[in-house]
A.B. asks: 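Below you'll find the structure I mean.
Just so it is clear, the model here is predicted, and its values are computed rather than measured.
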Amino acid sequence: MHNWRIKIALFLIYVVFAMLLNSVGTVILQVMGNYDLRHVDAAILEAFKDLPIAVVSLLVASFLPRLGFRRAMMLGLAIVTGACIAMPLVPAFLTTKLLFLCVGASFALVKVSVYATVGLITEDAKEHASTMNTLEGMFMIGVLMGYWIFAQFVSIDDPKSQDWLNVYWLLAGIAAFTFVVLFFTPYDESGSKLENSSRSLGDDFVGMLRLVIRPVAYVFVISAFLYVLIEQGIGTWLPTFNKEILHLPTDMAIEAGIIFSGTLAIGRLSAGAVLARFDWYPVLNFCLVAMAVLVLLVLPLTHGAVADANITWLTAPPAAYIFPLIGLFMAPIYPAINSVVLSALPRHQHAAMTGLIVIFSALGGTTGSLITGRVFGAFGGQTAFYFSLVPMVGILIALYFFRRETRRTGEAVTGEA
């Protein structure tokens with residue numbers, strides 16, 4: 001396996017951050033019980049997670065090739081290890097906000113470094129797409145593990161119990177182990193730097209911003225923003241949807257999210273094989289149409305759910321199993337468009353482009369969670385999830401222009417060659 005050691009290290013890093021980043025839905029459910037918060041108040045945790053991702057990516061993405069991608073990833077792991085340790089030692093909603101602030105800032109360092117590293121350790125567009133899909137698949141495996149791990153620490157009978165905070169001792173240990181693995185895994189980063197370049201940090205920063213005005217970049221940014229808006233809106237509020245709309249117990253409401261994460265993992269791990277045989281554009285259009293059909297068919301089934309003190313997995317409403325299957329069709333979209341836009345650019349621009357990916361993905365995630373949270377609180381969970389149809393249509397339109405611009409970019413590169 002080509003560059004297998006660094007690939008394994010990248011997969012481990014993504015698993016760690018997947019568990020932390022996507023725990024926000026579970027944590028929202030827990031802090032609402034612990035600290036008597038409203039939906040809209042708890043939803044601020046998504047902003048504490050995503051806005052630092054955007055800000056830090058904007059400030060440091062163009063600088064990271066100078067710092068070194070391995071050093072940046074180690075710094076991110078060290079920060080989240082300390083933040084996890086603080087959670088059980090100083091239990092408070094403020095500590096929870098600071099945790100997600102640290103996780104978001106660290107993920108900005110990590111994601112830019114990981115995506116840029118993929119460009120350095122892969123030899124062609126096919127290997128790049130394969131590695132990206134595997135990487136994002138490992139991310140969803142981490143999300144899957146996170147749902148299950150958090151569920152083991154949740155108190156079913158006492159919403160005020162803070163025993164769930166002990167999960168952060170385990171997460172701190174996993175992050176520290178990954179730090180050690182990365183420390184002993186060097187690799188060649190020279191391909192990320194321009195030879196004989198006299199560019200200043202200001203030049204690098206301006207160069208990153210100039211990428212946005214390229215048609216292929218801004219059409220991609222719109223597509224990525226809308227996709228993450230959907231994924232985070234559904235993923236963050238699915239545990240609350242399961243509890244308040246489907247009337248599942250807290251532990252089952254969280255564990256039901258495993259189905260959603262599992263379908264995302266399966267979809268992304270298998271997307272490499274599908275996209276190796278078929279063009280990405282019709283595949284992603286099919287996925288978006290299938291997502292919309294699933295929303296329209298399944299959400300009406302949730303109106304008949306009633307509370308049952310003796311509910312089990314065998315008696316749970318069918319919607320608890322069927323709706324999370326939307327992740328299977330959602331899965332290929334994000335890694336596919338990321339790979340397409342990065343493969344269209346030279347390697348020394350991958351860090352800057354990834355900075356833009358991270359910034360607008362973070363903004364999309366925050367927007368999706370806040371909109372879903374407000375609609376959820378005001379009009380109910382069904383209406384909140386019906387609202388996801390709007391960005392789905394938006395992505396369909398954006399992908400048409402994205403395909404056109406990537407073709408033009410490819411023709412231009414071929415002409416220069």
Side-chain angles (χ1 to χ4, degrees), residues 15-53 79-107 139-140 142-156 158-172 174-175 231-244 248-258 260-261 362 365-366 368-370 372-373 376-377 381:
V15 168
V16 169
F17 277 90
M19 290 189 288
L20 289 167
L21 287 164
N22 286 271
S23 68
V24 67
T26 300
V27 174
I28 282 174
L29 181 58
Q30 291 302 109
V31 297
M32 284 195 297
N34 282 179
Y35 308 119
D36 297 320
L37 301 174
R38 299 175 301 165
H39 292 79
V40 67
D41 295 326
I44 198 67
L45 291 179
E46 191 77 51
F48 270 87
K49 171 176 70 76
D50 287 337
L51 293 183
I53 296 177
I79 291 172
V80 298
T81 300
C84 286
I85 292 172
M87 280 292 285
L89 294 180
V90 190
F93 188 48
L94 175 60
T95 308
T96 309
K97 293 178 182 178
L98 294 177
L99 167 77
F100 283 110
L101 187 150
C102 291
V103 170
S106 299
F107 187 62
F139 187 88
M140 295 317 306
V143 175
L144 191 67
M145 292 171 57
Y147 275 121
W148 183 82
I149 290 172
F150 270 85
Q152 308 313 305
F153 288 83
V154 169
S155 174
I156 301 174
D158 183 9
K160 294 292 184 181
S161 173
Q162 296 187 342
D163 290 345
W164 66 279
L165 293 172
N166 290 320
V167 71
Y168 288 101
W169 292 113
L170 175 61
L171 295 176
I174 297 173
E231 182 182 316
Q232 291 299 312
I234 293 176
T236 298
W237 290 96
L238 188 57
T240 303
F241 180 88
N242 290 332
K243 181 176 182 179
E244 297 187 3
L248 300 182
T250 301
D251 58 333
M252 287 181 64
I254 296 172
E255 289 175 345
I258 293 176
F260 177 65
S261 302
T366 297
S369 180
L370 290 176
T372 306
F376 200 118

A.B. asks: Under 4.5 Å between any side-chain heavy atoms of Cys84 and Leu20, yes or no?
C.D. replies: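 Yes. Closest side-chain heavy atoms under 4.5 Å.
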A.B. asks: Rounded to the nearest 0.5 Å, how far does OG1 of Thr81 lie from CG of Leu171?
C.D. replies: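 Separation between the atoms: 10.0 Å.
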A.B. asks: Residues two or more places apart in sequence or in another chain: which of them pass side-chain contact (heavy atoms from CB on, under 4.5 Å) with Trp169?
C.D. replies: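 Listed in chain order: Ile85, Pro88, Leu89, Asn166.
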A.B. asks: Using the test side-chain contact (heavy atoms from CB on, under 4.5 Å), find all partners of Gln152 that sit at least two apart in sequence or belong to another chain.
C.D. replies: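 Here the qualifying residues are Trp148, Glu255.
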A.B. asks: Would you say Phe153 and Leu165 make side-chain contact, with heavy atoms under 4.5 Å?
C.D. replies: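 No - every pair of side-chain heavy atoms lies 4.5 Å or more apart.
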A.B. asks: Using distance only, find each side-chain donor-acceptor pair of residues 98-107 under 3.5 Å and give its atom names and separation, not counting sequence neighbours.
C.D. replies:
residue	atom	partner	partner atom	Å
Ser106	OG	Gly76	O	3.3
Ser106	OG	Cys102	O	2.8

A.B. asks: Determine the minimum heavy-atom distance between Ala253 and Leu248, stating which atoms define it.
C.D. replies: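 Shortest heavy-atom separation between Ala253 and Leu248 comes out as N-CB, 4.1 Å.
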A.B. asks: Please name the pair of heavy atoms, one in Gln162 and one in Asn34, separated by the smallest distance, quoted to 0.1 Å.
C.D. replies: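 Looks like CG-OD1, 3.6 Å.
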A.B. asks: Would you say that Asn242 contacts Met252 through its side chain, given a criterion of any heavy-atom pair below 4.5 Å between the two side chains?
C.D. replies: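 Not touching, per the 4.5 Å side-chain cut-off.
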A.B. asks: Where do Val80 and Phe17 land on the side chain to side chain contact (heavy atoms under 4.5 Å, CB included) test, with the steps shown first?
C.D. replies: CA-CA 9 Å; Val80 298; Phe17 277 90; 3.7 Å; yes
A.B. asks: What heavy-atom pair brings Val24 and Lys49 nearest, and what distance separates the two atoms?
C.D. replies: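 Smallest heavy-atom distance, with atoms named: CG1-CE, 3.9 Å.
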A.B. asks: With sequence neighbours excluded, what pairs up with Val31 under the side-chain contact (heavy atoms from CB on, under 4.5 Å) test?
C.D. replies: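 side-chain contact (heavy atoms from CB on, under 4.5 Å) check on Val31 returns Val27, Tyr35, Leu37, Ala42, Leu45, Phe93, Thr96, Trp164.
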A.B. asks: Within the 4.5 Å heavy-atom criterion, are Ile234 and Phe260 side-chain neighbours or not?
C.D. replies: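 Side chain of Ile234 against side chain of Phe260, heavy atoms only: contact under 4.5 Å found.
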A.B. asks: Evaluate the side-chain proximity of Val143 to Met19: yes if any heavy-atom separation is below 4.5 Å, no if none is.
C.D. replies: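 No. Closest side-chain heavy atoms not under 4.5 Å.
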A.B. asks: With sequence neighbours left out, write down each residue that passes ring pair (Phe, Tyr, Trp, His ring centres under 6.0 Å) with Phe48, or none if nothing qualifies.
C.D. replies: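 So Phe48 forms no ring pair (Phe, Tyr, Trp, His ring centres under 6.0 Å) with any residue.
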A.B. asks: Once you round to the nearest 0.5 Å, how far does NZ of Lys243 lie from CG of Leu238?
C.D. replies: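 The NZ atom of Lys243 sits 14.0 Å away from the CG atom of Leu238.
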A.B. asks: Out of curiosity, Glu244 CD to Trp237 CH2, how far, rounded to the nearest 0.5 Å?
C.D. replies: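 Here the rounded value is 8.0 Å.
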